[in-house]
Amino acid sequence: MASIAVIDYGMGNLRSVAKALEHVAGSAKVEVTSSAERIMQADRIVFPGQGAARDCMAELQRLGLDKVVKEVVRSKPFLGICMGLQVLLDTSEENDGVQGLGVFSGPVRRFPPGMRDAQTGDVLKIPHMGWNQVHQATAHPLWQGIAQDSRFYFVHSYYVDPADTTQIAATAQYGVGFVCAMARRNVFAVQFHPEKSHQAGLALLANFVGWDGNV
Amino acid sequence: MSLAKRIIPCLDVDRGRVVKGVKFVGIRDAGDPIEIAKRYNEQGADELVFLDITASSDQRDTMVYVVEQVAAQVFIPLTVGGGIRSVADIRRMLNAGADKVAINTAAIQNPELVKEAAARFGSQCIVLAIDAKRVTSEGAPPRWEVFTHGGRKGTGIDVVQWAKQMSGQEGAGEILLTSMDRDGTRDGFDLALTRAVSEAVSVPVIASGGVGNLGHLADGVTLGKADAVLAASIFHFCEYSVAQAKHYMAQKGIEVR
């Protein structure tokens with residue numbers, strides 16, 4: 001039976017992710033786990049996360065899961081969500097500078113203060129919280145059946161700024177244009193929360209459950 | 001192309017049932033929370049807020065069960081408030097499937113709880129709930145005071161100061177602002193209050209209290225500068241659907257999902 005490991009490193013609420021995956025997974029088994037062995041054995045990997053970058057990296061290292069993530073991104077279908085995208089980059093501006101896993105090149109930046117809405121002139125709030133449009137930058141199996149510029153649910157104060165623009169899978173607008181999805185071979189990672197994005201989000205998760213990791 | 005303003009139906013839950021009082025009297029039964037949550041989700045609600053108004057703490061398990069059931073079937077953000085006193089309470093609700101937890105009275109009694117919870121779970125899942133009452137007379141420059149215990153106890157704390165002090169990177173990531181003067185009246189939001197708080201803080205503000213028609217929802221955004229608008233009774237008794245509310249707001253030039 002196919003299995004999906006949701007990596008548990010103590011950061012944030014994994015129940016939502018697991019429930020949404022179970023909803024679309026059919027016969028596949030969804031397991032929330034911090035066991036390196038279980039993760040290495042799984043057919044596909046979901047890497048969620050919430051909270052501060054420094055705490056996330058510290059917990060990954062303490063549990064020895066930093067090495068596990070670096071290993072599984074080589075071959076297995078892999079979906080990073082929110083902080084599970086950000087820690088894949090080299091560095092983050094959060095907490096006065098945090099070293100990431102370096103799976104993707106480039107920094108994670110904070111939204112600048114005082115950004116204004118182009119139409120109303122109102123100051124834009126941080127965190128960027130709510131439903132925003134996701135502009136697909138490339139064709140990808142995970143976008144299958146999802147309309148261009150569909151809205152997904154976001155909640156974050158930092159965004160990724162990849163060095164290699166060929167890895168950009170989607171962008172969004174919030175004061176600045178920013179990258180909200182990245183893709184490279186078997187790895188796909190998103191800033192928004194598909195598990196909280198109703199039909200579009202469930203469609204993306206269903207696509208991931210059926211994805212063989214090829215583009 | 002930008003961020004949509006959110007419409008958030010609120011479900012007041014008493015011993016496992018959705019209820020709605022008018023000025024805290026004549027509480028009317030509005031149905032089963034799980035069925036109602038599913039209905040709002042299908043209508044296009046952007047998030048849901050559940051407020052546990054159960055008086056006795058031994059009935060709290062009922063709310064955990066409700067949250068578990070909803071979270072397994074409804075895949076939009078869920079906020080849970082009411083009776084949240086400790087980090088353990090917050091963890092329990094998050095584990096049940098809540099995405100955010102609203103803290104009201106406990107934040108007044110122990111402001112450190114908000115900081116501690118934000119550090120532990122991330123500020124994005126900590127909502128500061130404020131019950132505000134206007135304390136200045138008609139004509140004077142308005143000022144609002146934080147009230148607790150369902151609007152019965154004054155604290156002497158200024159609402160705008162409190163909102164600024166308790167939100168941001170190390171505090172609450174969102175504010176749920178309820179006007180106790182307007183709650184249940186159907187006269188519309190206290191727009192001056194909403195605007196004063198929204199312009200003073202860096203985090204999103206949810207306007208609450210007083211919605212009686214769709215125009216009130218739009219006013220909350222355009223005049224009150226709210227990032228999200230919350231309503232209960234206009235949705236519960238099927239006067240309007242969430243879809244109708246969105247259609248109306250879109251006609252007013254407000255970006256909605």
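Each chain gets a letter, A, B and so on, in the order the sequences are listed, and its residues count up from 1.
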Relative to chain A, which of [options] shows the most heavy atom pairs under 4.5 Å?
options	answer
B/Val74, B/Leu94, B/Thr222, B/Val205	B/Leu94
B/Ala119, B/Ala96, B/Ala71, B/Ser123	B/Ala96
B/Lys5, B/Gln73, B/Arg6	B/Arg6

Under 4.5 Å from any heavy atom of chain B - which part of [X]:
X	answer
A/Ser197	backbone
A/Ala20	both
A/Leu14	neither

field: A/Lys19 side chain vs B/Ala72 backbone, donor-acceptor pair below 3.5 Å
entry: no

message: Quick one: does any side-chain atom of A/Lys125 pair with a main-chain N or O of B/Val203 as donor and acceptor, under 3.5 Å?
response: yes

Could you give the distance from [atom1] ([X]) to [atom2] ([Y]), rounded to the nearest 0.5 Å?
X	Y	atom1	atom2	answer
B/Leu3	A/His128	CG	NE2	4.5 Å
A/Ile126	B/Gln169	CD1	CD	8.5 Å
B/Arg257	A/Phe152	CZ	CZ	11.0 Å
A/Met129	B/Gln124	CE	CD	7.5 Å

Select one option (side chain, backbone, both, neither) describing which atoms of [X] are under 4.5 Å from chain A's heavy atoms.
X	answer
B/Asp46	both
B/Ser198	both
B/Asn41	both
B/Val256	backbone

Could you pull out all donor-acceptor pairs under 3.5 Å where a side-chain atom in residues 77-93 of chain A meets a protein atom, sequence neighbours excluded?
unit_1  : atom_1 : unit_2   : atom_2 : d
A/Gln86 : NE2    : A/Tyr158 : O      : 2.9
A/Gln86 : NE2    : A/Gln191 : OE1    : 3.0
A/Asp90 : OD2    : A/Gly106 : N      : 2.8
A/Ser92 : OG     : A/Glu94  : N      : 3.0
A/Glu93 : OE1    : A/Arg110 : N      : 3.0

Minimum heavy-atom separation for [X] and [Y], please, with both atom names.
X	Y	value
B/Gly97	A/Ser16	O-OG, 4.0 Å
A/Asp117	B/Ser2	OD2-OG, 4.4 Å
B/Glu68	A/Arg15	CG-NH2, 3.9 Å
B/Glu255	A/Gln133	OE2-OE1, 4.1 Å
A/Lys196	B/Ile76	NZ-O, 3.1 Å

Within a radius of less than 6.0 Å around [atom1] of [X], do more than 12 heavy atoms belonging to other residues, nucleotides or ligands occur?
X	atom1	value
B/Glu199	CD	yes
B/Arg39	CZ	yes
A/Gln119	CD	no
A/Glu37	CD	no
A/Lys76	NZ	yes

message: Could you check whether any side-chain heavy atom of B/Phe75 comes within less than 4.5 Å of a side-chain heavy atom of A/His23, counting everything from C-beta outward?
response: yes

Test item: B/Ser202 and A/Pro113 side chains (from C-beta on) under 4.5 Å apart, heavy atoms: no

message: Can you tell me which of A/Asp122, A/Val155, A/Val123, A/Thr120 forms the most heavy-atom pairs within a distance under 4.5 Å of chain B?
response: A/Asp122

